[in-house]
Amino acid sequence: MCYGVKARTEMSLRIAKSRGNKEAAEKLAKLLDPFPEFDLHYGNGFTHPKLVVYTDAEPREPQLALWGLIPAWVKDDAQGKQMWNQTLNARGESIFEKPAFRNSAQKKRCIVFVEGFYEHHHFGKKTYPYFIHLKDRPQFALAGLWEEWKDKESGERKHTFSIVTTDGNELMKRIHNNPKADGPRMPVILTEADEEKWLAPIQNTSDEDAIKALIKPYPADAMTARSVRPLLGKEGTGNADGASEIYEYPELLLADPLA
DNA sequence: CCAGACGTTGTT
DNA sequence: GTCTGG
DNA sequence: CCAGACGTTGTT
DNA sequence: GTCTGG
């Protein structure tokens, strides 16, 4: 789920300025300075990009965190690397129970602003990448969990995060059709009003229920998608500008899942 | 009691 | 760290 | 998860 | 088709 996301530097800076203040945006600009202007950040278990997150600890302060949550109890770097390949996503249904996520679900939630995300559609014997985004908002927040992990050997501290998933809506059902699936999934997309609710502290069970109520599919009619060039491989556009540009596949036009 | 796991994704 | 399985 | 490989022979 | 590597 969420093969990758689009989160350009320009967008991140714009959000930092509107959420926080000028200083926050300037600080972020320095952190992002060596960042290339990519249209795709992979989240596929082999590439672990750093993205800008806003945490419940400091909701107005942009921070960089590594995609792939490492629980605080992980004992060494090797175990951490093994773990983060499996914590790019967190199933919304179980975040309050799973050992890897429950501490974060309770008191370390975050949001990640993206312009859209990528998923593969299976048709015939091939897979076709799609870029999925909202019709009426240039960017939006995904619900995430974060954690801070300290490497006892090197003393290094790592901030990591995971994106919370939920059932796929009607749009995702048509695109996200991998042959080995239990059912289509999608990231939890938050409305502007829900962004602050997701970051609000939990002090009792009704607060917790309020958080759980946010974990639900986003309305399909508010979303749209387009096929794009292959992301990986010889022809892959990968981490490059233009990865999210529309690209029509002739064979798909006959049986476009979105038609 | 100790050892080992701790996680997600995936159709027609 | 904490739970489960043996 | 997707992309790519998928094999053997021969000396120093 | 199925496994491995990224």
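Residue numbering restarts at 1 for every chain, and letters A, B, ... go by the order of the sequence lines. In this text, all values refer to a predicted model and were calculated from it rather than measured experimentally.
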* Asked: Counting just side-chain N and O atoms, does A:His122 come under 4.0 Å of either OP1 or OP2 of D:dC2?
  -> yes
* Asked: At under 4.0 Å between heavy atoms, what does A:Thr165 touch on the DNA or RNA strands: base, sugar-phosphate, or nothing?
  -> sugar-phosphate
* Asked: Parallel, tilted or perpendicular for A:Tyr128 and A:Phe123, by the 30°/60° rule?
  -> tilted
* Residue A:Pro99, side-chain heavy atoms: nucleotide from C:dG1, B:dT8, C:dT2 that is nearest -> C:dG1
* Ignoring hydrogens and angles, state whether a donor on the side chain of A:Ser244 or A:Asp39 is under 3.5 Å from an acceptor on the partner side chain. => yes
* Presence of A:Thr87 side-chain N/O under 4.0 Å of B:dC6 phosphate oxygens OP1/OP2 -> no
* **Near-ring test A:Phe131/A:His133, centroid separation under 6.0 angstrom** => yes
* Across the strands shown, which category fits A:Ala72 at heavy-atom distances under 4.0 angstrom: base, sugar-phosphate, nothing? -> nothing
* How close or far is atom C1' of D:dC1 from atom NE2 of A:His48, stated in whole angstroms? -> 12 Å
N/O to N/O distances under 3.5 Å, protein versus nucleotides 4-6 of chain C:
none

* Asked: Can you tell which of A:Glu147, A:Lys98, A:Arg109 makes a side chain to side chain contact (heavy atoms under 4.5 Å, CB included) with A:Ser104?
  -> A:Glu147
* **A:Arg102 vs C:dG1: side-chain N/O to OP1/OP2 distance below 4.0 Å** => no
* Roughly how far apart, to the nearest Å, are D:dC2 and B:dT8 at atom C1'? -> 15 Å
